[in-house]
Amino acid sequence: MKVKKGDNVIVLSGKDKKKSGKVLQAMPGVDRVVVEGVNMRKRHMRPRKQGEKGQIIDVEAPMHISNVMVICASCKKPTRIGKKINKESKNRICKKCDTTL
Ligand SMILES: [Zn+2]
């Protein structure tokens with residue numbers, strides 16, 4: 001998976017189209033990411049203790065990585081990510097400006 005936790009991404013489709021945010025969680029097994037402030041869902045919390053009220057909180061729902069694009073920290077543009085493999089390491093590079101991400 002090319003998107004990692006901490007990346008800035010822009011949303012390509014859905015109700016949050018064109019919003020951007022930071023990846024809070026990457027879920028490589030299911031190709032999904034949780035993006036800060038994007039794809040908010042209401043979650044109804046039951047009261048846990050007696051006398052406590054149930055509440056509705058907004059949480060970010062995971063979205064498929066095909067719906068987001070990584071924003072390059074260097075050229076600030078949404079970009080595809082390439083891979084450069086050295087002897088020592090595998091680097092992710094911006095396909096637009098060749099900067100290592
Ligand atoms: Zn770039």
Side-chain angles (χ1 to χ4, degrees):
M1 200 159 93
K2 289 171 179 175
V3 183
K4 278 187 192 164
K5 189 178 172 182
D7 282 346
N8 271 304
V9 295
I10 186 160
V11 180
L12 302 175
S13 64
K15 70 180 168 79
D16 288 323
K17 194 171 175 176
K18 291 179 182 162
K19 264 197 197 175
S20 61
K22 196 199 259 185
V23 175
L24 297 177
Q25 201 189 339
M27 306 157 94
V30 289
D31 280 349
R32 281 172 190 274
V33 288
V34 177
V35 183
E36 192 173 30
V38 174
N39 206 21
M40 302 302 287
R41 294 286 147 84
K42 303 258 185 239
R43 181 165 290 169
H44 298 254
M45 302 287 286
R46 288 180 178 282
R48 291 211 193 107
K49 294 176 211 145
Q50 229 172 14
E52 208 177 46
K53 275 186 186 162
Q55 46 181 339
I56 300 170
I57 55 166
D58 289 317
V59 289
E60 289 97 347
M63 56 198 299
H64 198 259
I65 48 163
S66 65
N67 292 330
V68 301
M69 214 168 178
V70 175
I71 299 171
C72 172
S74 167
C75 63
K76 311 285 181 203
K77 288 177 192 151
T79 186
R80 302 218 328 267
I81 287 188
K83 273 194 178 156
K84 205 180 253 179
I85 298 166
N86 297 333
K87 277 178 204 154
E88 304 89 44
S89 60
K90 274 188 250 178
N91 287 327
R92 300 189 310 161
I93 55 159
C94 168
K95 285 208 169 164
K96 288 215 169 109
C97 67
D98 253 13
T99 305
T100 304
L101 297 172

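Every number for a ligand or one of its atoms is a count from 1 in the order of the listing.
The Zn ion (ligand 1) has C72 SG, C75 SG, C94 SG, C97 SG as protein N, O or S atoms under 2.8 Å away.
Residues that satisfy the side-chain hydrogen bond (donor to acceptor under 3.5 Å, both in side chains) test with R48, not counting sequence neighbours, are absent from this structure.
Using a distance-only test at 3.5 Å, with no hydrogens or angles considered, no donor-acceptor pair links the side chain of N67 to the main chain of S13. Of the possible polar contacts, none joining the D31 side chain to the I65 backbone as a donor-acceptor pair under 3.5 Å is found.
Within a 6.0 Å radius of NZ in K22, no more than 12 heavy atoms belonging to other residues, nucleotides or ligands are found.
For residues 77-93, every residue pair satisfying the side chain to side chain donor-acceptor pair (under 3.5 Å) rule, not counting sequence neighbours, is listed here: D7-R92. Identified under the salt bridge (Lys or Arg N to Asp or Glu O under 4.0 Å) test for residues 49-65, with sequence neighbours left out: K42-D58.
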